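Input: a single structure, listed below in structure tokens.
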Amino acid sequence: MHEEIARRRTFAIISHPDAGKTTLTEKLLLFGGGIRAAGAVKSNKITRTTTSDFMEIEKQRGISVSTAVMTFEYDGKLINILDTPGHKDFSEDTYRTLSAVDSVILVVDSVKGVEEQTERLMQVCRMRKTPVMIFVNKLDREGKQAFELADELEEKLEIAVRPLTWPIGSGSSFKGVYNLHEQNINLFRSGKDVIEDEEDRLYIDSLEDERLDQRLGSGLSARLREEVDLIEGVYDPFQTEDYLEARVAPLFFGSALNNFGVRELLDSFVGISPAPGKRGTATREVAPEETSFSGFIFKIHANLDPNHRDRIAFLRVCSGRFQKDRQFRHVRLGKTIRFNMLYGFMARKKNTIDEAYPGDVIGLYDRGDLKIGDTLTEKEDLQFEGIPNFSPEIFREVVVTDPMRSKQLNKGLTHLIEEGLAQLFIQDKGRRKIVGTVGELQFQVIQYRLENEYGASCSFRPLPYVRACWITSESKSAMDEFMQYHFRQIAYDLEDNPVYFAESDWMLRSKMEGNPEIRFHFSSELDSEMSQYELGAMHSGRK
Ligand code: G4P
């Protein structure tokens, strides 16, 4: 058991769209033997339609809407990559996936630097103290200078960085990367679509080695010596604990498309990234070595096969062993539940497995019992934290367009909400349904999927709100009074918790100041760090 836990590495690759997340994932899989042919890698259009994209809609839109799991072995480690959608409209999905990983690789485009989505994703990592490695990609293009990029990363992502590799030239003069730790140089050859050859590597004992000048030319080799001197002078020596405690992000440079600098990243990753660790629940911390099983659901895929209404729930194992055919406790429903089919995701194919260990992500065939955030255990009543709903930003009322098919509409909406595509709020004893999302695109996805998967249709009436806050109070009379006075702006979430809709941040702030007995929460996990953080972020005008 201890060995199995120690060899697992579960992480996500995150980036602003187009920075190269898909390409890097493919190259990592290539190293792990998860895929063989270079041909499959060359065109990432293939990836987009066959690898991690389960739903038809993704093929159409060309963006990764769902999260999938890819497992491979490398250097004795069992690596689980959790794919995340890059599009910001689906960032809630990404945030939930980040609750299921032990570390993160952040990809940044060297030409564009830190982009909007990079900053948002990094905020979530900082909040959760997730260890992060940064891969600066597309060094084969004329991009920003490496020092300039390192400073930008520190400033905008609010984390110290420590280069572990360093680029030699860039764009048309890109010659390779220098591995600061191993003191060797990986020479660049463009268009590498297979695992690199040893002959591309130049081992040197010191930067004074004459072969450096022969291979790089005197200009670039002099500059490398100077820059390495500067790095060693400016940055503190790299300490693994600083990375594991999320204080420092090791920095790598390369070109995913050319499979360049990827081996350095992967080798460091398997060397220092964290194995599955302790996880917080509402009552206590759970250690992976505990013999009793526990885990939580962070993702649901519905209707993978349109002919069968099947759903796969993705479960992260947190402690003990998950075995098929055993009875587990479904904490929310307070009943026992058994699964006779577990899916693993080795070599990018869904295959059935018999058991899973902490760190693993498995797919469970679900008949409608499971929801995002559910905890399963062996017997104890635990509730894992960190999988809340966040305040949506766009709100629309559901308008029934075909009353004859309202039953299908309700069923479809319920299923899509359970999948985490959007949030549903109820007003007027269920007569009024309000859908809340973080992006426009989700409304289109909902309409498309309702039509294609449920034969139902609806339209959406825009509402003037910008934020939903869960409200609580110690004082029942204060709560009653607030609810009565603001009854038009109050709705209930599916757990029957009251939610206040605000028309502007200014309005919300004035309500908060005017009603000190009411607590406003920005996530459904009412006392979580998240709500405090979001509040701070909003007050400082960042949100
Ligand atoms: P994403 O998942 O983060 O959205 O990015 P993805 O890997 O799909 O890469 C986005 C684009 O950037 C792709 O080009 C990809 O080929 C390109 N790219 C990735 N890594 C590198 C790199 O190291 N160097 C250069 N020059 N380009 C890179 P595309 O034109 O959108 O797609 P395709 O037509 O090439 O498949």
Side-chain angles (χ1 to χ4, degrees), residues 11-31 35 37-53 58-59 61-68 70 81-91 93-94 97 104-122 133-144 146 149 165 167-177 186-196 200 251-266 348 439 441:
F11 77 107
I13 305 182
I14 54 177
S15 76
H16 191 90
D18 272 347
K21 179 172 66 68
T22 313
T23 315
L24 180 65
T25 308
E26 290 287 339
K27 299 300 151 126
L28 292 175
L29 290 172
L30 192 64
F31 276 100
I35 43 173
V41 182
K42 267 185 199 151
S43 160
N44 66 1
K45 292 289 175 273
I46 297 178
T47 331
R48 284 181 177 163
T49 51
T50 60
T51 317
S52 51
D53 305 346
E58 289 173 276
K59 292 182 195 165
R61 292 174 198 275
I63 49 166
S64 180
V65 177
S66 329
T67 301
M70 287 158 277
I81 307 184
L82 273 53
D83 189 21
T84 54
H87 198 287
K88 77 169 174 29
D89 286 7
F90 294 90
S91 46
D93 196 21
T94 302
T97 299
V104 153
I105 293 179
L106 178 70
V107 184
V108 176
D109 184 329
S110 72
V111 183
K112 297 195 176 133
V114 174
E115 294 172 87
E116 184 199 337
Q117 194 59 4
T118 332
E119 282 187 68
R120 271 174 162 239
L121 291 165
M122 189 62 203
M133 283 185 180
I134 301 175
F135 183 74
V136 176
N137 190 28
K138 305 197 187 180
L139 261 289
D140 58 318
R141 293 219 182 130
E142 297 300 339
K144 301 186 183 188
L149 271 166
T165 67
I168 306 167
S170 71
S172 55
S173 69
F174 182 47
K175 285 284 189 293
V177 287
N186 190 357
L187 292 169
F188 179 63
R189 185 146 50 95
S190 82
K192 265 194 239 177
D193 48 17
V194 290
I195 297 174
E196 66 203 50
D200 293 328
L251 185 57
F252 298 83
F253 292 85
S255 164
L257 187 65
N258 295 290
N259 197 2
F260 201 80
V262 178
R263 190 199 67 101
E264 285 79 359
L265 174 73
L266 182 58
R348 306 192 305 171
L441 199 51

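By convention here, the first residue in the shown sequence is residue 1. Remember, it's 1-based here, ligands and their atoms both numbered in the order they're listed. This structure is a prediction, so every number in the text was calculated from the model and none was measured.
Listed by number with element, the atoms of ligand 1 under 4.0 angstrom from any heavy atom of Lys21 are 1 (P), 2 (O), 3 (O), 5 (O), 7 (O). Applying the 4.0 Å criterion to heavy atoms of Ser15 picks out, from ligand 1, the atoms 3 (O).
Between Leu257 and ligand 1, at least one pair of N/O atoms sits closer than 3.5 Å. Geometrically, ligand 1 and Thr22 share a nitrogen or oxygen pair separated by less than 3.5 Å.
Contacts of Arg141 with ligand 1, taken as heavy-atom pairs under 4.0 Å, involve the side chain alone.
Residues satisfying the side-chain hydrogen bond (donor to acceptor under 3.5 Å, both in side chains) criterion with Glu119, sequence neighbours excluded, are absent altogether. By the ring pair (Phe, Tyr, Trp, His ring centres under 6.0 Å) test, Phe252 is found to be paired with no residue, residues two or more places apart in sequence or in another chain being considered.
Applying side chain to side chain contact (heavy atoms under 4.5 Å, CB included) to Ile134 and the options Thr118, Val108, Ile105 leaves one that passes, Val108. Put simply, the residue from Leu24, Thr25, Thr22, Leu265 that forms a side chain to side chain contact (heavy atoms under 4.5 Å, CB included) with Val107 is Leu24.
Atom 10 (C) of ligand 1 has its nearest heavy-atom neighbour, among Val107, Asp18, Thr25, in Asp18. Taking only non-hydrogen atoms, the option from Ser255, Pro17, Gly20, Ala256 nearest to atom 5 (O) of ligand 1 is Gly20.
The nearest pair of heavy atoms linking Ala256 to Thr23 is C-CG2, 3.8 Å.
No donor-acceptor contact under 3.5 angstrom links the side chains of Ser15 and Gln117, judged on distance only.
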